[in-house]
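First the structure, in the form of structure tokens, and then the observations on it.
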Amino acid sequence: MRAVFLGVLIWSCVLCLDFNYHDNESLENFLRNMSQLYPNLTKLYSIGKTVENRDLWVLAIGRNPDTHQPLRPHVKYIGNMHGNEVVGREVLLHLIDHYVTSYGNNDTITYFLNNTVVHIMPSMNPDGFNNSDIGDCFGGKGRGNKNGYDLNRNFPDYFATNTAPTQPETSAVMNWTLQIPFVLSANLHGGALVVNYPFDNYPNANDIQKYVTSPDDDVFISLSKTYSYKHNNMFYGNHCEDVFPDGITNGALWYPITGGMQDWNYIQAGCMEVTLEISCCKYPAPQTLPGFWNDNKQALVDFLMRVHSGVKGIIYDQDGKVVPSATLKIKGRELVSFRSSKYGEYWRILLPGTYTLQVFNGIYVTERSFDVHNGQATRLDIRSWTAASDSTAMHQGGLLLGYIPILLVLLITCYQMKLFFFN
Ligand SMILES: *[C@@H]1O[C@H](CO)[C@@H](O)[C@H](O)[C@H]1NC(C)=O
Ligand SMILES: *[C@@H]1O[C@H](CO)[C@@H](O)[C@H](O)[C@H]1NC(C)=O
Ligand SMILES: *[C@@H]1O[C@H](CO)[C@@H](O)[C@H](O)[C@H]1NC(C)=O
Ligand SMILES: *[C@@H]1O[C@H](CO)[C@@H](O)[C@H](O)[C@H]1NC(C)=O
Ligand SMILES: *[C@@H]1O[C@H](CO)[C@@H](O)[C@H](O)[C@H]1NC(C)=O
Ligand SMILES: *[C@@H]1O[C@H](CO)[C@@H](O)[C@H](O)[C@H]1NC(C)=O
Ligand SMILES: *[C@@H]1O[C@H](CO)[C@@H](O)[C@H](O)[C@H]1NC(C)=O
Ligand SMILES: [Zn+2]
């Protein structure tokens, strides 16, 4: 019985995922098949509809992925945001296949899926995909959504005003990203072979290419190198007639853009995101797909494993209740903050070193220093707020309220001592 079941499983998967392009219908059938074959390991859901009414499908993978397990982080991959950049779309389907078939067979992946939820959206722009042409390596047909908007120029921008009307695909992704406490993410593109990391823009940007350093530059470089060096050849940095040392680049140094998704994820959603450019040709012949999967497989798996480094913990208030939506900052990196989840959890990827976490909960502030080592993330829960030093509290913006009682006392004392010329 078991053998028959296994046989059917293997047979159906050989059958179900070939190296070919999957259109709207076969993509949806594949995802449905996965969620039926692996009910305890996957959860299929749609985050909304495109202009042409196609679903924006996401397959979540992890042990019982729709249950909450304290401090289990969420990560994501988004493919095919530019509808004519299609290799990511197919590679993500193979990644799904790889995860579900490795669970229980490979300890590293089993452990990872026991302790992480991976959300995979093979296509953010299925309408554009439907409008693009196989073999079109460098063209722009199908790049935008049905309304002709480039979705990677459609997000609110920290450095500039984005006047483009927000498209349904974009608002669905923003909504989704703000609902799930994603920690790490990548979006997959084509047309080059490089990892691009924040920032992508700068104030009053013109065409001048310049390195715009984010406060987590060290982390982004390290995450990007994890990808480029685990990739079979990206790290050489000499593909598609480009030169990218280590196969990575700062976004604005390559070319500044307004409305990109990665800066929005990082700045507004507290999720570290990079952009993966994984093929010189945007829509190559299907015969090239096995090679692309082979080149990216280890990189895709190992990049997401980095979510388990840095620091994590749960924020409690004085009464022992978890604190949702507390604002968190790492000292020296205050420009970009992040938030605790609705269960009070937080995660932040950091390289080994000594850091200070700042926690803002209404008018209460606390600071804790901690060390990050190689390997698993440091656990740092916040339970006691009494230790919050007054000097810390006083120096944070928005905390002037803290001075009011002191000022009142001073004023009353002064009055009583007739230090003021009240008469
Ligand atoms: C889905 O599974 C059915 C059988 O359960 C199979 O006939 C079909 O080919 C599969 N389709 C895809 C796209 O995986
Ligand atoms: C996409 O595929 C699904 C499943 O086959 C189908 O129900 C839907 O109508 C398709 N949408 C379009 C616009 O082709
Ligand atoms: C899924 O989990 C349930 C309850 O834990 C179990 O009874 C069932 O056998 C599992 N199904 C599969 C396909 O593993
Ligand atoms: C298990 O998966 C990990 C991560 O992809 C990989 O490095 C390792 O080689 C795999 N182990 C086996 C025995 O295949
Ligand atoms: C994964 O979780 C299952 C269920 O708790 C457990 O039986 C298994 O040993 C775990 N495997 C690994 C490698 O962590
Ligand atoms: C676009 O979708 C329609 C309806 O599903 C389909 O007939 C057509 O072949 C698709 N075109 C491309 C290029 O995918
Ligand atoms: C955003 O999420 C809320 C709550 O799930 C939902 O009601 C709303 O329709 C969503 N908006 C979009 C644009 O998807
Ligand atoms: Zn692109």
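For ligands, and for the atoms within them, numbers begin at 1 and follow the listed sequence. Predicted model, so just to flag it, every value in this text is computed and none were measured.
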Nearest non-hydrogen atom to atom 1 (C) of ligand 4 belongs to which of Asp107, Asn106, Thr108?
-> Asn106
Sub-4.0 Å protein heavy atom near atom 7 (O) of ligand 4 = yes
Which of Thr356, Val359, Leu357 passes side chain to side chain contact (heavy atoms under 4.5 Å, CB included) with Glu367? It is Thr356
Polar protein atoms (N, O or S) that approach the Zn ion (ligand 8) to under 2.8 Å = His82 ND1, Glu85 OE1, Glu85 OE2, His189 ND1
Describe, in one word, how the ring planes of Tyr283 and Phe129 are oriented to each other, choosing from parallel (under 30°), tilted (30 to 60°) and perpendicular (over 60°).
-> parallel
Look at atom 5 (O) of ligand 2 and say which protein heavy atom is nearest, naming residue and atom and giving the distance to 0.1 Å.
-> Glu25 CG, 2.8 Å
Protein contact to atom 2 (O) of ligand 2 [nearest heavy atom, distance to 0.1 Å] | Asn24 ND2, 2.4 Å
Tell me whether the guanidinium CZ or amine NZ of Lys329 lies under 6.0 angstrom from the six-membered ring centre of Phe360 and within 45° of its axis.
-> yes
Taking only non-hydrogen atoms of Val301 and a 4.0 Å limit, the atoms of ligand 4 in range are 4 (C), 5 (O)
Candidate pair Cys280 and Cys137, rule disulfide (SG to SG under 2.5 Å), full reasoning | CA-CA 8 Å; Cys280 297; Cys137 283; over 6 Å; no
Is Glu28 touching ligand 2 with its side chain, its backbone, both, or neither, if touching means heavy atoms under 4.0 Å apart?
-> side chain
Hey, is Lys297 touching ligand 4 through its side chain, its backbone, both or neither, going by heavy atoms under 4.0 Å?
-> neither
Rounded distance (nearest 0.5 Å) linking atom CG of Leu188 with atom CD of Glu90 | 12.0 Å
Heavy atoms, side chains only, cut-off 4.5 Å: are Asp127 and Asn145 in contact?
-> no
Less than 4.5 Å apart, any side-chain heavy atom of Leu27 and any of Pro122?
-> yes
